[in-house]
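Along the sequence shown, the residues carry numbers beginning at 1. The analysis underlying the following values was restricted to heavy atoms, covering all of them including side chains, and did not include hydrogens, waters or symmetry mates.
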Amino acid sequence: MALGDLMAASRFSPSTAAVSNHLDEFSSNGNHVREEDGEGSVYSGNDVNNIINARDSSETASSSCAVMTTTTSMAYLPQTVVLNELRHDGFEECVPSGPSDSGLVSKWRPRDRMKTGCVALVLCLNISVDPPDVIKISPCARMECWIDPFSMAPQKALETIGRTLNQQYERWQPKARYKYSLDPTVEEVKKLCTTCRKYAKSERVLFHYNGHGVPKPTPSGEIWLFNKSYTQYIPLPVSDLDSWLKTPSIYVFDCSAAGLIVNAFIELQDYSTSSSGPSTRDCILLAACEAHETLPQSAEFPADVFTSCLTTPIKMALRWFCTRSLLHESLDYSLIDRIPGRQTDRKTLLGELNWIFTAVTDTIAWNVLPHDLFQRLFRQDLLVASLFRNFLLAERIMRSANCSPISHPMLPPTHQHHMWDAWDMAAEICLSQLPTLVADPNAEFQPSPFFTEQLTAFEVWLDHGSEHKKPPEQLPIVLQVLLSQCHRFRALVLLGRFLDMGPWAVDLALSVGIFPYVLKLLQTTTPELRQILVFIWTKILALDKVDLVKDDGHTYFIRFLDSVEAYPEQRAMAAFVLAVIVDGHRRGQEACIEAGLINVCLKHLQGSSPNEAQTEPLFLQWICLCLGKLWEDFLEAQLIGLQADGPAILAHLLSEPQPEVRAAAVFALGTVLDVGLDTSRDGHGDEDCDDDEKIRAEAGIIRSLLNVVSDGSPLVRAEVAVALSRFAFGHNKHLKSVAAAYWKPQSSSVLTSLPSFAVKGSGSGYTTPTHYMPHGSIVPSPGAPLFRIGNDSQAVARDGRVSTSSPLASSGIMHGSPLSDDSSLHSDSGALNEYISNGVLNHSRGRPLDNALYSQCVLAMCNLAKDPSPRVAGLGRRVLAIIGIEQVVAKSVKSVGASARPGELTKTASTSLAGLARSSSWFELSGGGHLPLTFRTPPVSPPRPSYLTGIRRVCSLEFRPHLMNSPETGLADPLLGSAGPSSVSERSFLPQSTIYNWSCGHFSKPLLTAVDDSEDIIARREKREKLALDHIVKCQHSSVSKLHNQIASWDTKFETGTKTALLQPFSPVVIASDENEKIRVWNYEEATLLNSFHNHDYPDNKGVSKLCLVNEFDENLLLVASNDGNIRIWKDYTSRGQQKLVTAFASIQGHRPGVRSVNAVVDWQQQSGYLFSSGEISSVMAWDLDKEQLVSTIPLTSDSSISALAASQVHEGQFAAGFVDGYVRLYDIRTPEMLVSATRPHTQQVERVVGIGFQPGLEPAKIVSASQAGNIQFLDMRCAKDTYLTIDAHRGSLTALAVHRHAPIIASGSAKQLIKVFNLEGDPLGTIRYYPTFMAQKIGSVSCLTFHPYQVLLAAGAADACVSIYADEISPPR
């Protein structure tokens, strides 16, 4: 299956496997009917029960039954699963590292490629004179270099052998310089060695010694040469040889007892290491036999069998094989010398044999050697690699003659490796064709099936192998196959599948030496290879950065990105590769701009017609990231992007449904914002026009970013914070002055509940803010009016009082924070006096943005600093620090000391909120007489009832003009010149974007295999669905009598009483929380506390308004909604200390004027994946948790606000709202007008609705609503008459209402310590009273009630921190 098809297959397979429905097992046709319309298919409860029970009584059921049941179960068992994407895994904890840090490629990429530059051949044959210590057998091995020395005159024979050996070596390394010395003296050898080293310089020298005409080496490892007159043998110590040849070198010793020489060399190396420290000598030895062995003398071998194996391996291997194979009778040996073809031409017999031999020996070596040794011997130097491959053959052949060749470094034995069998078979197939090919030169050569078979073996491994099994031994063969066009495509596809298995596979492939091959393939133009090559490069670059520009690799990927026939996912890979190429690499950025990458990217983002626009999110995400990396810190690229209207094109992506795409678009927009607009242009007078255009573009970008500052995904908001920090850095002065102008004294009705934003004015002391921003509020979208801010620009200019106090440190010592006060350190005037005239800020260079935009930015920055996600809030605080606003914790009494470094997070005394400490402003001045000011640590704001975090604005070091220029201050100029806003040291303070590194992680995971839910996850879900269906049937049939059997009681130890409680559906666990947003999880069967944690670390606790379970049937998550509308979703919350924040966002933005707090009401609907939230605001906000996006804002028709909210758990998109003025309204967000119907059942007196819920069953519009006055109304919202049943349950003190999801019961709680239970006909089923305990304590009023979703269990929380669980006396749970 080609990779493209594989990817297509994986593309269309859904990422979450559809979960099978148990009800299929008795449906005759297994149809799944999804109920779309609430009205369309309504069955009464009895039908459902009968259908479900029919399963037990009858195996066969009619198909209509099956369809109905399936519909029912689909309604009751939602299949939607949200918040289980990669982005929800550890966003808060870890900062991902991109592909730059692993060094994988560089580890295996042969950087120190070596060459053997010179070869010295020394032959001591002394033909016709046998050495004294050798007794020869008869017949004896005589051939040297396949020449019989006795077939001609000795001197001629010697010269012919020398020449032939020279030619045999030249075949392996044609470019080296060759010198040979025949029967030499010590002097001649010395001269030969020194000449070779001199010529080779730092390259390797090969020294080949044939000692067949001299005695064996001495025990101390000396080799024998001759004197001038050939009357004596003269020894040459290896130490001399080593001192002449130096390093790097490789020695080949073909003589008996050659092991003695190797031992001497090793001793020599050990000695030099011990005496002179670690040795850097690179010395490789190959020797024909061990110290006690003599060379084989059998006539079937040549005399120099070792040399023949090393230099003519194919001939040697075939001759040896023929004597042992069935061919030995039929094949004429002389034919072996006449094999047609060239070794380098793989389409000929000789070439193919050589190719197979290389593949086999490479494979054996890679499988038995440690990878770094394999790299050194088989991948660094072509000649060394060839010799070692052939050495494996020598070991195989010579061991059959009881002789063991040895090497240094030593290799493990390989002579019995099973790959030799594959070689024998391939050799046999080739040899069987030999007689025909020699007889008829025109006969066609049939290629061997060897490579096809090995690729099949590799494919089998891919189907069954894994990281924990033995690695596939065919990898080196796959590499060899890449050389051949006929197998290349298949090999690449298999290689792609292998690399996809994970980083370990990429590491293995690189260790084989794949890199230069795939690099070379980038120069091919074969269209069918493009997809797979892009995929392979994606896999390599996901783990390590490689500079492809110098090999012109980037153009390959730009062409691919621009091609229309590739799938978007594959083009996303090309965009990823290009992003890695340009990431932090100026040459890469320049090369890609020249190749027109910016226009290619923007063209694909635009899409000329709506249906042409790319909808594949991964593609959009990577185009954005690629653009961002191109623009990052590269002005030329940014200007090209601005001319092509890049920011406007990207702004459209900020409303895409995928958070990753939105975050990537924010990142790309942020990189266009110039850091340090104030200083970077000093030298460029000709760029004024660019400046104006750039400033206009920046204004547009900021407006776009302000629209997503309240996005539902922390991933996106984190990127907005990073982008705003760049903006704050570039427009520092203006933002500082606007921030200063904000917090001027103005009357406000809500001062008591405000965060303390304090500004140091000259003589006005610390002032309170003008504007209340709710925790998590945001700037509204452009259409809505801005918050009530005194942003009439006159306020800014009023007598320039904001920052006229100008403390200066005497003797130039400043503990200044470069982060906060950079503009003041280099400014040459008081920021506001100079920049504010007629209420408009003027930029010293270029035109600034308008004031309102700066105001919105400061507001957005403050909102980010109070974000419910700790990571985003940390970034937000860093942004505020850049414009000189410090966050102060109102609870804390200890002020932050002046020692804290800027950018360092310091824990304050009583809370664990980490604030950015700025110390520059808190120091006392002992300056000259003209500076009478003392500037002390300001008082910390008094604790307010709401414990809001405060933010303090400090204008500490804005110098006044006359002070700056006055000679008597003695202020040294260098102090001011050193810290422009874009100086490198300060740039490092800017928070860094993480979306790019985080997104890179996608490509290092398997992409071709659809990650199916593992068996146990599916099994767990099926088990839970079956359990739920069984319980639903029981609930629908239950005739509850009293429900007053208390099965558990739990003192939660909450100081403020229990606020909300929740029962888990499939385990005996109750979760409760209190006003201080502390959450405790308790197992009521074992009466043990499982976990206890705080919802957040902020000091201002608003209380929890609702707890919900998300993904009930899967790994469920705990949704905690605070009273201020902030939503936090936790996983692993039942394990002590293991809870992790999955996501967090503010579900409510802004609120009605004059309201102290939002009083959020929230409900979650699993079917649709929607979260509905409202409160003291004029709308209901519908959030899609899958997209993490606000999908709908439903305006409320009345002025009254919502006090109770319930989402239908059966009908997707429906929810009911109870209002403060007693109205009940039903909404359906699938309809265009949203509001379905409205009624006002609670009319006795205008009483707020305190509880609301949908009645059990599938009927869409039946609602139960309870008012504070104590009456409970049963409504059918489709009927004209308002209520069909009213119960007066409690007189004027109803505090809580619970409606069971499936059983026909409701419960209401009263402030008078009692709970009443009714059925749906309004009959009272029982009353649960709280009696005084034996210690005569009165128990507090009922604060919350909740039913178990599938059992008749009721949990009640009281104001005295007690949670009790009640069951029906007939059926105790479990």
Side-chain angles (χ1 to χ4, degrees), residues 141 143-146 164-165 168-169 171-172 252 254 286 288 295-296 298-328 330-346 348-365 368 378 385-401 403-405 407 411 413-435 437-438 447-448 450-451 454 476-477 480:
M143 306 281 257
E144 300 275 356
C145 293
W146 305 103
T164 312
L165 182 62
Q168 288 177 357
Y169 267 113
R171 193 179 302 142
W172 302 106
V252 177
D254 186 353
L286 297 173
L295 293 175
S298 159
E300 68 166 315
F301 297 114
D304 63 348
V305 57
F306 187 59
T307 302
S308 296
C309 288
L310 292 184
T311 57
T312 55
I314 302 297
K315 184 172 181 177
M316 189 66 228
L318 293 180
R319 281 178 166 254
W320 182 77
F321 171 69
C322 279
T323 58
R324 282 161 175 69
S325 94
L326 298 173
L327 296 170
H328 75 97
S330 58
L331 193 73
D332 177 5
Y333 283 12
S334 65
L335 285 179
I336 291 177
D337 295 339
R338 294 161 57 198
I339 295 178
R342 294 192 317 281
Q343 270 195 324
T344 49
D345 182 359
R346 286 188 296 274
T348 61
L349 180 56
L350 184 60
E352 171 139 298
L353 276 168
N354 187 52
W355 186 27
I356 295 173
F357 178 78
T358 306
V360 167
T361 46
D362 239 20
T363 303
I364 293 173
V368 299
F378 285 80
S386 304
L387 289 176
F388 265 95
R389 279 192 206 105
N390 303 344
F391 176 79
L392 299 184
L393 175 73
E395 191 198 4
R396 183 186 192 205
I397 289 177
M398 293 176 75
R399 280 210 183 222
S400 71
C403 189
S404 309
S407 67
L411 305 186
T414 57
H415 58 291
Q416 289 178 325
H417 197 280
H418 63 89
M419 279 305 290
W420 285 120
D421 299 337
W423 159 250
D424 289 346
M425 183 173 168
E428 189 157 43
I429 291 172
C430 289
L431 282 176
S432 60
Q433 298 183 51
L434 187 54
L437 290 169
V438 173
S448 155
F450 172 82
F451 288 106
Q454 294 297 324
I477 297 175
Q480 288 294 324

Output the distance between atom CE (Met398) and atom OG (Ser404), rounded to the nearest 0.5 Å. 8.5 Å

Residue list, side-chain contact (heavy atoms from CB on, under 4.5 Å) with Leu350, at least two apart or on another chain: Ile314, Ile339, Gln343

Is there a side chain to side chain contact (heavy atoms under 4.5 Å, CB included) between Leu393 and Thr361 once you walk through the steps? CA-CA 8 Å; Leu393 175 73; Thr361 46; 5.5 Å; no

Which residues share a ring-ring contact (aromatic ring centres under 6.0 Å, His included) with Phe301, sequence neighbours left out: none

Spacing of CD1 belonging to Ile429 relative to CD belonging to Gln433, to within rounding of 0.5 Å: 8.5 Å

Nearest atoms (heavy-atom pairs only) where Pro296 meets Val305: CG-CG1, 3.9 Å

Distance-only, no hydrogens or angles: does the Trp172 side chain make a donor-acceptor pair with backbone N or O of Thr311 under 3.5 Å? yes

Set of residues satisfying salt bridge (Lys or Arg N to Asp or Glu O under 4.0 Å) with respect to Arg171, sequence neighbours excluded: none

Between Glu428 and Ser325, is there a donor-acceptor pair closer than 3.5 Å when you use the side chain of the first and the backbone of the second? no

Rounded to the nearest 0.5 Å, how far apart are CH2 of Trp146 and CG of Leu165? 13.0 Å

Between Leu434 and Pro340, is there a side-chain heavy-atom distance shorter than 4.5 Å? yes

Who pairs with Asp345 by salt bridge (Lys or Arg N to Asp or Glu O under 4.0 Å), at least two apart in sequence or on another chain? none

Minimum side-chain heavy-atom gap Arg319-Asp337 below 4.5 Å: yes

Rounded to the nearest 0.5 angstrom, the OG-CG distance for Ser308 and Asn390 is 11.0 Å

Mark yes or no for whether Gln168, through its side chain, and Thr312, through its backbone, hold a donor-acceptor pair below 3.5 Å. no

Quick check on Met425: does its CE atom have over 12 non-hydrogen neighbours (other residues, nucleotides or ligands) under 6.0 Å away? no

Of all heavy-atom pairs between Cys403 and Ala288, which one has the smallest distance, and what is that distance? SG-O, 3.8 Å

So, does Asp304 use its side chain to make a donor-acceptor pair with the main chain of Cys145 at under 3.5 Å? yes

Kindly write out the residues that satisfy ring-ring contact (aromatic ring centres under 6.0 Å, His included) with Tyr169, not counting sequence neighbours, or none if the list is empty. His208

Quick check for you: to the nearest 0.5 Å, what is the distance between Cys430 atom SG and Ile356 atom CD1? 5.0 Å

Residues that Thr348 engages under side chain to side chain donor-acceptor pair (under 3.5 Å), provided they are two or more places apart: none

Which residues satisfy the side chain to side chain donor-acceptor pair (under 3.5 Å) test with Trp420, sequence neighbours excluded? none

Just so I know, are the side chains of Leu310 and Asp254 near enough to count as touching, which here means a heavy-atom distance under 4.5 Å? no

side-chain contact (heavy atoms from CB on, under 4.5 Å) partners of Thr323, counting only residues at least two apart: Glu300, Tyr333

For residues Ser448 and Ala426, report the shortest heavy-atom separation together with the two atoms involved. OG-CB, 4.2 Å

With sequence neighbours left out, write down each residue that passes side chain to side chain donor-acceptor pair (under 3.5 Å) with Ser400, or none if nothing qualifies. Trp320

State, to 0.1 Å, how close Leu353 and Ala427 come at their nearest heavy-atom pair, and which atoms those are. CD2-CA, 4.1 Å

Residues forming a side-chain contact (heavy atoms from CB on, under 4.5 Å) with Met419, sequence neighbours excluded: Val360, Thr363, Ile364, His417, Ala422, Phe450, Gln454, Glu473, Ile477

According to salt bridge (Lys or Arg N to Asp or Glu O under 4.0 Å), who are the partners of Arg389, at least two apart in sequence or on a separate chain? Asp362

Ser432: what forms a side-chain contact (heavy atoms from CB on, under 4.5 Å) with it, not counting sequence neighbours? none

Side-chain heavy atoms of Phe388 within contact of Ser407, under 4.5 Å: yes

Per ring-ring contact (aromatic ring centres under 6.0 Å, His included), Trp423 is matched among Phe321, Phe357, Trp355 by Phe357

What distance separates Ile336 CD1 from Leu431 CG, expressed to the nearest 0.5 Å? 6.0 Å

